[in-house]
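Throughout, a chain's letter reflects where its sequence line sits, starting with A, and its residues are numbered from 1.
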Amino acid sequence: MTQEEIRSLFSSIGDVESCKLIRDKVTGQSLGYGFVNYHRPEDAEKAINTLNGLRLQNKTIKVSFARPSSEAIKGANLYVSGLPKNMAQQDLENLFSPYGRIITSRILCDNITGVGFIRFDQRIEAERAIQELNGTIPKGSTEPITVKFANNPSNNNKALPPLAAYLTPQAARRFGGPIHHPTGRFRYSPLAGDLLANSMLPGNAMNGSGWCIFVYNLAPETEENVLWQLFGPFGAVQSVKVIRDLQTNKCKGFGFVTMTNYDEAVVAIQSLNGYTLGNRVLQVSFKTNKSKTT
DNA sequence: TACGATT
């Protein structure tokens with residue numbers, strides 16, 4: 001939404017004195033919020049009553065009185081991960097509300113990811129929430145949550161690098177379509193059996209409606225389509241994720257693929273573990289609970 | 001960078 005579209009929308013309520021869309025200082029991308037000043041206070045109130053919650057371009061806009069600008073309210077936005085899959089937005093607010101006044105809250109992707117956001121009124125409230133809640137296990141859950149300051153929503157998805165040399169020549173020629181898997185290209189390693197046996201503990205790989213597969217040794221330039229192409233031929237793929245460094249936007253060397261059916265996941269793992277993609281030998285297994293800190 | 005997730 002442009003600044004002019006905002007002005008137009010809010011002018012339908014009353015006389016707008018000024019209007020500002022806030023953009024990222026570096027990229028110029030909209031940060032998703034802005035400010036409108038009305039000449040008459042009653043128009044501001046009317047705008048809130050009329051426009052708050054309006055569905056617009058697949059977004060629900062929020063309209064409220066602006067808080068006074070101050071340093072104290074900056075950097076008060078938190079990123080929360082490891083939330084229980086059944087946690088609702090209200091549960092999230094209840095968890096954080098003891099630490100301050102919540103301005104906005106959100107849970108991503110209808111609770112599938114376990115990731116959410118909390119914006120407090122004051123940064124000091126956010127800091128306190130991190131101290132008190134990071135690493136704690138919410139009541140009724142079994143997993144500790146991570147609470148940290150959120151990154152800026154823009155800044156990230158700029159200039160995606162093109163598919164490049166990490167594809168095999170065969171795959172490169174077929175760019176745009178699925179990767180064909182010629183018979184005999186995959187290693188059916190006897191080691192794969194052990195790998196599977198050690199990874200079948202439920203709660204790790206099994207993820208709600210699917211089986212989560214860990215893929216290691218991806219090239220820095222890897223994009224999601226590579227994972228779709230690799231795993232798609234083996235059956236129903238629900239989602240893929242390439243894990244990237246926030247700063248460089250390069251793949252950190254691993255990713256995840258969630259497949260619906262256990263049998264197909266097993267065949268995919270057996271087939272793709274040890275598979276040479278580009279000049280890298282992939283390691284593919286069911287996801288475990290390993291993490292950086294343990 | 002050897003088991004995540006960024007509105």
| Whole-Å distance between B:dA5 C1' and A:Phe149 CZ? | 20 Å
| query | Going by side-chain heavy atoms closer than 4.5 Å, which hydrophobic residues are tied to A:Ile124, directly or by a chain of links? | reply | none
| query | Within this structure, what is the CD1-to-P distance between A:Ile107 and B:dA5, rounded to whole angstrom? | reply | 17 Å
| With stacking defined as ring centroids separated by under 5.5 Å and planes differing by under 30°, is A:Phe254 stacked against B:dG4? | no
| request: Starting from C1' on B:dA5, measure out to CD on A:Gln238 and report it in whole angstrom. | output: 16 Å
| query | Do A:Arg23 and A:Ser30 have a side chain donor and acceptor closer than 3.5 Å? | reply | no
| task | Give the rounded distance in Å between these two atoms: CZ of A:Arg244 and P of B:dG4. | result | 16 Å
| message | Tell me the interatomic distance from A:Leu83, atom CG, to B:dG4, atom P, rounded to whole angstroms. | response | 15 Å
| remark: Regarding the side chain of A:Lys287, the nearest nucleotide among B:dA5, B:dC3, B:dT1 is B:dC3
| field | Candidates B:dT6, B:dT1, B:dC3 - which lies nearest the side chain of A:Lys241 | value | B:dT6
| message | Filter on ring-ring contact (aromatic ring centres under 6.0 Å, His included), then keep only pairs touching residues 112-143 of chain A, sequence neighbours left out; what's left? | response | A:Tyr79-A:Phe117
| Touch class at under 4.0 angstrom, heavy-atom based, for A:Lys59 against every strand present | nothing
| Contact class for A:Asn217 vs. all strands (heavy atom < 4.0 Å): base, sugar-phosphate, or nothing? | nothing
| Closest listed nucleotide, where the reference is the side chain of A:Ala150 and the choices are B:dA5, B:dC3, B:dT6 | B:dT6
| Which other residues belong to the hydrophobic cluster containing A:Phe65, where Ile, Leu, Val, Met, Phe, Trp and Tyr are joined when side-chain heavy atoms lie under 4.5 Å apart, directly or via other members? | A:Met1, A:Ile6, A:Leu9, A:Phe10, A:Ile13, A:Val16, A:Leu21, A:Val36, A:Tyr38, A:Ile48, A:Leu51, A:Leu54, A:Leu56, A:Ile61, A:Val63
| said: Please list, in numerical order, the residues of residues 115-132 of chain A that have a heavy atom closer than 4.0 Å to any atom of DNA chain B. | reply: A:Val115, A:Phe117
| query | Expressed in angstrom and rounded to an integer, what is the separation of A:Leu218 atom CG from B:dG4 atom P? | reply | 14 Å
| Partners passing side chain to side chain donor-acceptor pair (under 3.5 Å) against A:Arg7 (at least two apart in sequence or in another chain) | none
| message | With salt bridge (charged side-chain N to carboxylate O under 4.0 Å, His left out) as the rule and sequence neighbours excluded, what pairs involving residues 126-150 of chain A come up? | response | A:Arg123-A:Glu127
| remark: Winner on side-chain proximity to A:Asn151, out of B:dG4, B:dT6, B:dC3, is B:dT6
| message | A:Gln90 vs A:Asn94, test: side chain to side chain donor-acceptor pair (under 3.5 Å). Steps then yes/no. | response | CA-CA 6 Å; A:Gln90 188 58 56; A:Asn94 293 344; 3.0 Å; yes
| How many Å lie between CG on A:Leu92 and C1' on B:dT6, as a whole number? | 14 Å
| message | Using whole Å, what does the distance between atom C1' of nucleotide B:dC3 and atom CG of A:Asn273 come to? | response | 14 Å
